[in-house]
Student: 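Take a look at the following structure, please.
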Amino acid sequence: MKWGTFFITGMLIFLILLLQWPKMKNSPIKDKLAFISLLLIGWVLSMFDLMHISGPVSWLDTLTKPLTRLLEV
Amino acid sequence: MKNVKISSLQMMMLMYPTIIATAILSVPSIIAKYAKNDLWLPPIFASLIGFLTMFIVYKLHQLYPDKTIIEMVENILGKIPGKIVGFIILAYFLQSTGEISRAYGQFITTSFMFNTPSIVIISLMVLLSAVAVYGGLEVLGRLGQLFFPVFLIPLIILFFLLIPSYEPKNVLPILGNGLLPSIKGSIIPTAWFGEIFLILFLLPYIKDKQNVFKFGMLTVFSAMLTLVLVCLMVLFVLGDTTATKIYPLLTAGRYFSYADFFENLDSVIMAIWIVGAFIKISMFYFAVVAGFSQLLNLTDYKILIWPIGILIVEFSFWAIPSSMVFNRYENTALPFYAGFVQTILPLLILGMAFIRKKVKKSLISNPSQ
């Protein structure tokens with residue numbers, strides 16, 4: 001857990017909500033749902049110690065391991 | 001959104017920095033590891049992938065002239081498989097945007113601003129790009145027009161200014177170790193040339209569609225030419241030591257000195273890089289945001305800009321603890337991942353589209369079947 005980044009991201013999300021929400025009053029419910037859920041995904045991700053957990057980069061490293069042998073000098 | 005229009009020249013001015021901006025700094029040393037003093041050859045081989053991708057892009061565009069790639073795959077593959085393939089493409093571009101921002105942050109923190117945390121640099125660049133994307137595609141097109149000379153002219157001036165430091169015999173012996181090392185070295189830069197795929201996100205908004213193919217091919221060609229020139233420049237100045245430098249062009253820029261007055265051209269290179277990285281990140285950012293809004297059938301793509309901005313900053317750190325891990329990923333996994341999403345996947349989609357058209361035609365001519 002990284003509380004610092006979590007709270008800073010929370011504040012940013014609050015700011016985004018504050019500025020963007022009034023402009024979205026007339027948008028359909030689908031738009032609002034997409035907006036909120038993407039913000040939530042961002043917030044949840046900020047809880048983790050992102051640099052030191054496995055992620056897309058390490059998954060792709062494993063996936064492409066057989067091919068990278070081609071590139072050995 | 002559909003009434004926004006840019007010209008195909010503007011498209012070229014956007015795509016050229018998008019391909020070349022990050023390539024001119026890091027690619028020469030990556031290639032030099034394989035090709036040694038033939039490092040000017042691999043960009044030529046790699047550009048073949050760029051030409052192929054542009055050809056696929058154009059054929060897809062001819063079949064579905066008013067659709068972006070995300071809408072296209074839904075039409076070709078059907079609703080659910082189309083959404084899945086669209087998501088794969090967008091996930092690649094989202095992650096790439098994060099990586100490009102990371103590469104940018106890394107370059108600034110290792111070469112110029114040593115004490116600034118890279119998250120500050122990355123967030124500020126993403127914020128700037130977000131504002132540009134918020135302006136819309138027309139604004140991006142004009143930004144491309146505005147920054148294209150700012151990007152290109154210093155590079156040309158640099159080429160001529162460095163002439164006194166050149167040692168052309170560094171290029172000899174040509175093909176001393178045969179052709180294989182050059183071909184191996186050309187695998188990595190294909191990831192950059194394949195980025196011409198991004199045109200598929202712009203095509204429905206282009207005014208003069210008859211020129212798209214010409215300008216697209218010209219973009220790949222000029223990117224190849226620039227990369228070959230930069231590689232030769234670096235090779236002439238640094239020789240065998242090119243492979244040991246992380247940013248060879250930057251090191252080469254430091255060699256220039258005239259009358260003890262004109263020195264430290266590396267700041268010029270930094271300026272080129274920042275302008276290029278800005279255009280590149282904005283283009284990728286636009287593709288991701290517009291793509292997601294089409295994938296989810298939203299009415300306005302602008303609402304996704306800020307949430308995706310947060311994701312981009314997070315993706316630039318996710319599972320990348322150090323620059324070593326990042327460089328290893330860029331030099332091993334990325335070329336295959338990028339090649340799959342940017343070239344092989346569109347090729348498969350194109351094949352499917354052709355089969356679909358054929359089947360439809362035969363059904364119309366033989367309705368009894």
Side-chain angles (χ1 to χ4, degrees), chain A residues 2 4-6 8-73, chain B residues 30 33-36 91-92 94-96 98-99 102 119 123 127 130 181 183-185 187-188 243 289 292-293 295-322 325-326 328-340:
Chain A
K2 284 225 159 177
T5 46
F6 180 65
I8 292 172
T9 319
M11 268 160 61
L12 274 176
I13 288 172
F14 181 69
L15 204 71
I16 291 170
L17 274 176
L18 208 68
L19 295 174
Q20 188 74 38
W21 197 255
K23 290 184 195 164
M24 290 171 52
K25 274 219 170 91
N26 299 323
S27 337
I29 193 92
K30 208 172 180 183
D31 288 26
K32 285 179 183 163
L33 264 176
F35 178 70
I36 294 287
S37 45
L38 275 172
L39 278 178
L40 269 181
I41 293 171
W43 204 16
V44 168
L45 276 178
S46 75
M47 264 197 276
F48 299 103
D49 185 7
L50 275 180
M51 271 179 155
H52 300 105
I53 59 173
S54 78
V57 169
S58 46
W59 303 332
L60 284 164
D61 258 347
T62 321
L63 263 178
T64 54
K65 206 161 247 169
L67 286 169
T68 48
R69 265 185 228 132
L70 281 175
L71 284 173
E72 274 160 22
V73 182
Chain B
I30 300 171
K33 277 188 197 98
Y34 298 95
K36 306 277 177 332
Y92 165 76
L94 179 60
Q95 204 215 333
S96 293
E99 276 157 29
R102 175 64 181 250
I119 188 154
S123 321
L127 180 71
I183 292 175
K184 262 190 178 177
I187 294 177
I188 295 170
V289 172
F292 265 111
S293 80
L295 189 77
L296 304 170
N297 293 330
L298 304 184
T299 46
D300 187 10
Y301 77 98
K302 283 182 182 166
I303 55 166
L304 294 181
I305 290 174
W306 302 110
I308 285 186
I310 291 180
L311 285 181
I312 289 172
V313 175
E314 280 169 351
F315 266 90
S316 67
F317 288 98
W318 198 354
I320 314 177
S322 63
V325 174
F326 181 64
R328 206 199 52 211
Y329 167 77
E330 264 206 335
N331 301 346
T332 55
L334 179 73
F336 298 107
Y337 184 34
F340 173 70

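Only a predicted model underlies this, so the values are computations on that prediction, with no experimental measurement involved.
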Student: Grab the two heavy atoms, one from A:Gly42 and one from B:Ile310, that are nearest each other, plus how far apart they are.
Tutor: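 In this case the closest contact between A:Gly42 and B:Ile310 is CA-CG2, 4.2 Å.
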
Student: Chain A heavy atoms under 4.5 Å from B:Tyr329: which part of the residue, side chain, backbone, both or neither?
Tutor: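 Both backbone and side chain.
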
Student: Are B:Asn297 and A:Lys30 close enough that some pair of their side-chain heavy atoms sits under 4.5 Å apart?
Tutor: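 Yes. Closest side-chain heavy atoms under 4.5 Å.
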
Student: Using 0.5 Å steps for rounding, measure from the CZ atom of B:Phe340 to the CG atom of A:Leu60.
Tutor: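 Separation between the atoms: 11.0 Å.
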
Student: Give, as side chain, backbone, both or neither, the part of B:Leu334 having an atom under 4.5 angstrom from any heavy atom of chain A.
Tutor: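 Contact with chain A is absent: no heavy atom of B:Leu334 under 4.5 Å.
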
Student: Select one option (side chain, backbone, both, neither) describing which atoms of B:Ile187 are under 4.5 Å from chain A's heavy atoms.
Tutor: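 The side chain, not the backbone.
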
Student: Using a heavy-atom distance cut-off of less than 4.5 Å, which residues of residues 31-39 of chain A contact chain B?
Tutor: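 Answer by number: A:Asp31, A:Ala34, A:Phe35, A:Leu38, A:Leu39.
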
Student: Rounded to the nearest 0.5 Å, what separates atom CG in A:Leu67 from atom CZ in B:Phe336?
Tutor: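 If we round to the nearest 0.5 Å, A:Leu67:CG and B:Phe336:CZ are 5.0 Å apart.
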
Student: For B:Leu311, is it the side chain, the backbone, both, or neither that has a heavy atom closer than 4.5 Å to a heavy atom of chain A?
Tutor: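 It is the side chain, since no backbone atom gets that close.
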
Student: Could you tell me which portion of B:Asn331 (side chain, backbone, both or neither) has an atom closer than 4.5 angstrom to a non-hydrogen atom of chain A?
Tutor: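 It is the backbone, since no side chain atom gets that close.
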
Student: Would you mind checking which part of A:Ile53 comes under 4.5 Å of any heavy atom in chain B, side chain (CB onward), backbone (N, CA, C, O), both or neither?
Tutor: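 Answer is both: backbone and side chain atoms of A:Ile53 are under 4.5 Å from chain B.
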
Student: Let me know if B:Phe292 has heavy atoms under 4.5 Å from chain A in its side chain, its backbone, both or neither.
Tutor: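 Looking at B:Phe292, nothing touches chain A.
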
Student: On a heavy-atom basis, which atom in B:Ala319 and which in A:Gly55 lie closest, and how many Å separate them?
Tutor: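 Result for this residue pair: CB-N, 3.3 Å.
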
Student: Chain B heavy atoms under 4.5 Å from A:Lys23: which part of the residue, side chain, backbone, both or neither?
Tutor: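 Answer is side chain: those atoms of A:Lys23 sit under 4.5 Å from chain B.
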
Student: Atom CZ of B:Phe315 and atom CG of A:Leu45: how far apart are they, to the nearest 0.5 Å?
Tutor: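 The CG atom of A:Leu45 is 7.0 Å from CZ of B:Phe315, to the nearest 0.5 Å.
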
Student: Is B:Gln95 in contact with chain A via its backbone, its side chain, both, or neither, using a 4.5 Å heavy-atom distance?
Tutor: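 For B:Gln95, side-chain heavy atoms alone lie under 4.5 Å from chain A.
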
Student: Using side chain to side chain contact (heavy atoms under 4.5 Å, CB included), reason through A:Val57 and B:Trp318 one step at a time and then give a plain yes or no.
Tutor: CA-CA 8 Å; A:Val57 169; B:Trp318 198 354; over 6 Å; no

Student: If we only count heavy atoms from C-beta on, is the A:Met24 to B:Asp300 side-chain gap below 4.5 Å?
Tutor: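 No, their side chains stay 4.5 Å or more apart.
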
Student: Which bit of A:Ser54 is near chain B, if near means a heavy-atom gap under 4.5 Å: side chain, backbone, both or neither?
Tutor: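 Contact with chain B is through the backbone of A:Ser54 alone.
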
